[in-house]
J.: 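Questions regarding the structure given below will be posed in turn.
For reference, positions follow the sequence shown, starting with 1.
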Amino acid sequence: MLTAFARAFKTPDLRKKLLFTLGIVLVYRLGAHVPVPGVNYSNVDTCMKQAGANGGLFGLVNMFSGGALLQITIFALGIMPYITASIILQLLTVVIPRLEALKKEGQSGQAKITQYTRYLTVALAILQGTGLVATAKSGALFQGCPVASEIVPSDSIFTTITMVITMTAGTAMVMWLGELVTDRGIGNGMSILMFVGIAAGFPGSLWQIKMSGKLADGWIEFFAVILVGLAMVALVVFVEQAQRRIPVQYAKRMIGRRSYGGTSTYIPLKVNQAGVIPVIFASSLLYIPALVAQFSGSKAGWATWIETNFTKGNHPVYIVTYFLLIVFFAFFYVAISFNPEEVADNMKKYGGFIPGIRAGRPTAEYLSYVLNRITWPGSLYLGLIALVPTVALVLFKANQNFPFGGTSILIIVGVGLETVKQIESQLQQRNYEGFLR
């Protein structure tokens, strides 16, 4: 593997892409530490050192931003607005006929959808930036910190507008950096930046587990977490690579004196067809009632019930609801992203058929049956992986700071596998051995 890395850097154009990607990553990490004007950073440091200042409801967004959210830097919102905009556009493609027609137009239609995604990203950044500033002013960003309400000392409209514009511009720059990596670097730029943001928090999280441990000055807990992390990575790699291959046979066709078709191929249906999207959906949906209860300022029965059951991640009601939402969104996202009828029609159009299954509607029903069968273990796997931080909360007192579990490990492993595959394919194009011999 090290030899493959050396050969990758010896190839001029591949070396240029790798160095360009590393340069963009460096710019991204520097921007995550540039402060936003109008914030008292001595109070931010005080709150960050408090035991109870773990981000509360904002742990997911803080993880995606690489810790920039709680420090209120220019990249505080990170890549999250773009992810949200992409998911919304993908869902609207199924609902709005105009977007569905654009998707079928090919590259030109996809370019328009990308442009709409950029506009929606900026709008969401303005909305989320305003919410972040309001949360920081109210003191709800750091629960349990005595100086949380003094993080933004000024109450002027000008200061608020300046902070929102700065963070929106930071989000637009992150989006631009991601597109630069996609065009001129290695891998998908947005995924790479997401990977970097999550991986940046790993060392601090591991060290915090070591410092809070009690066995042999915390070293036993430290190495136990690393072993659990390695096992988690192996499990995620195994499931993410697992797929059900449905054989497809194409009949021979004579056109003039030439024969076409007669080949055998397969349709790869992944066990985890939905990826990490169901976990993000479920986490975002569970934040909404807690945020409403927090900003309502009401001490009514419903607000107290929500605060008791949904604010802390280890409550049984929260755990069961979170798990069921992940399973539901896994089936929901697979249903809108993979259309068995469309696949069956395309196969019939080009003379393809599944051995033993008639073309047309029986093929669509068979694909739907297989897809439902493999989505069940995929959805249960996602739910169990997402609940690992809850177990860590009980065992290691780590909660959102536990690195190996939930959304973080799924994204880290998924992006790592895709990036390695891209580098390997480019190495093999130049007659070099890849990473996997």
Side-chain angles (χ1 to χ4, degrees), residues 82-106 109-110 113-114 116-117 120 188 190-191 236 239-248 265-288 320-349 352-354 357-387 406-407 410-411 414 418:
Y82 185 86
I83 297 172
T84 309
S86 300
I87 294 173
I88 290 174
L89 261 297
Q90 195 169 3
L91 294 176
L92 290 179
T93 302
V94 185
V95 179
I96 301 177
R98 168 62 178 165
L99 292 177
E100 188 176 2
L102 285 175
K103 185 180 180 180
K104 294 180 180 180
E105 286 182 6
Q110 190 61 41
I113 293 178
T114 302
Y116 295 154
T117 306
L120 184 58
N188 183 286
M190 302 303 173
S191 300
V236 173
V239 179
E240 291 295 323
Q241 297 291 87
Q243 56 182 221
R244 167 78 156 85
R245 296 181 176 181
I246 299 178
V248 178
T265 182
Y266 60 86
I267 301 174
L269 296 179
K270 296 180 65 176
V271 173
N272 182 22
Q273 190 85 1
V276 75
I277 300 298
V279 182
I280 297 177
F281 273 15
S283 301
S284 303
L285 193 62
L286 282 179
Y287 284 153
I288 295 175
V320 173
T321 307
Y322 189 34
F323 184 83
L324 293 178
L325 282 175
I326 290 174
V327 174
F328 168 76
F329 281 123
F331 279 91
F332 174 75
Y333 188 78
V334 168
I336 66 171
S337 62
F338 185 89
N339 189 349
E341 295 181 359
E342 184 179 349
V343 174
D345 290 341
N346 290 334
M347 289 170 53
K348 186 177 180 180
K349 186 185 301 182
F353 63 93
I354 299 174
I357 307 294
R358 294 183 60 183
R361 185 174 179 180
T363 300
E365 292 176 350
Y366 176 75
L367 290 175
S368 179
Y369 169 76
V370 173
L371 196 62
N372 286 334
R373 288 282 298 270
I374 66 174
T375 302
W376 269 113
S379 61
L380 296 177
Y381 145 82
L382 281 178
L384 292 175
I385 292 292
L387 291 179
T407 315
L410 292 171
I411 294 175
E418 290 299 321

J.: Measure the shortest side-chain to side-chain distance between I354 and M347 over non-hydrogen atoms and say whether it is less than 4.5 angstrom.
T.: yes
J.: Atom CG of L382 and atom CD1 of I326: how far apart are they, to the nearest 0.5 Å?
T.: 7.0 Å
J.: Which residues satisfy the salt bridge (charged side-chain N to carboxylate O under 4.0 Å, His left out) test with E341, sequence neighbours excluded?
T.: none
J.: For a quick test of reading the model, state the closest non-hydrogen atom pair linking T117 to S86 and the distance between them.
T.: CG2-OG, 3.6 Å
J.: Please identify each residue that fulfils salt bridge (charged side-chain N to carboxylate O under 4.0 Å, His left out) with R244, with sequence neighbours left out.
T.: none
J.: From I88 CD1 over to L120 CG, what is the distance, rounded to the nearest 0.5 angstrom?
T.: 5.0 Å
J.: Going by the rule side-chain contact (heavy atoms from CB on, under 4.5 Å), which residues pair with P247 if we only count those two or more places apart in sequence or in a different chain?
T.: P355
J.: Atom CZ in F338, atom CG in L269: separation rounded to 0.5 Å?
T.: 5.0 Å
J.: About how many Å separate CD of Q110 and OG1 of T114, when rounded to the nearest 0.5 Å?
T.: 5.0 Å
J.: Does anything in residues 268-280 pair up under side-chain hydrogen bond (donor to acceptor under 3.5 Å, both in side chains), and if so which pairs, sequence neighbours excluded?
T.: E240-N272
J.: If the condition is side-chain hydrogen bond (donor to acceptor under 3.5 Å, both in side chains), which residues does E365 pass it with, not counting sequence neighbours?
T.: R361
J.: Taking side-chain hydrogen bond (donor to acceptor under 3.5 Å, both in side chains) as the definition, give me every residue that meets it alongside R373, ordered by chain and number, with sequence neighbours left out.
T.: Y369
J.: Would you please name every residue forming a side-chain contact (heavy atoms from CB on, under 4.5 Å) with D345, sequence neighbours left out?
T.: none
J.: OG1 of T93 to OH of Y116: how many Å apart, nearest 0.5 Å?
T.: 11.5 Å
J.: Quick one: list whatever passes side-chain contact (heavy atoms from CB on, under 4.5 Å) with A344, sequence neighbours left out.
T.: T363, A364
J.: Output side-chain donor-acceptor pairs under 3.5 Å for residues 274-282, partner residues at least two apart or in another chain, one line each.
T.:
none

J.: Rounded to the nearest 0.5 Å, how far apart are CD of E342 and CG of L367?
T.: 12.0 Å
J.: State which residues pass side-chain contact (heavy atoms from CB on, under 4.5 Å) with L384; sequence neighbours excluded, sorted by chain then number.
T.: F323
J.: Distance-only criterion, 3.5 Å: show the donor-acceptor pairs between side-chain atoms of residues 97-105 and protein atoms not counting sequence neighbours.
T.:
none

J.: List for me each residue that meets ring pair (Phe, Tyr, Trp, His ring centres under 6.0 Å) alongside Y381, sequence neighbours excluded, and say none if there are none.
T.: none
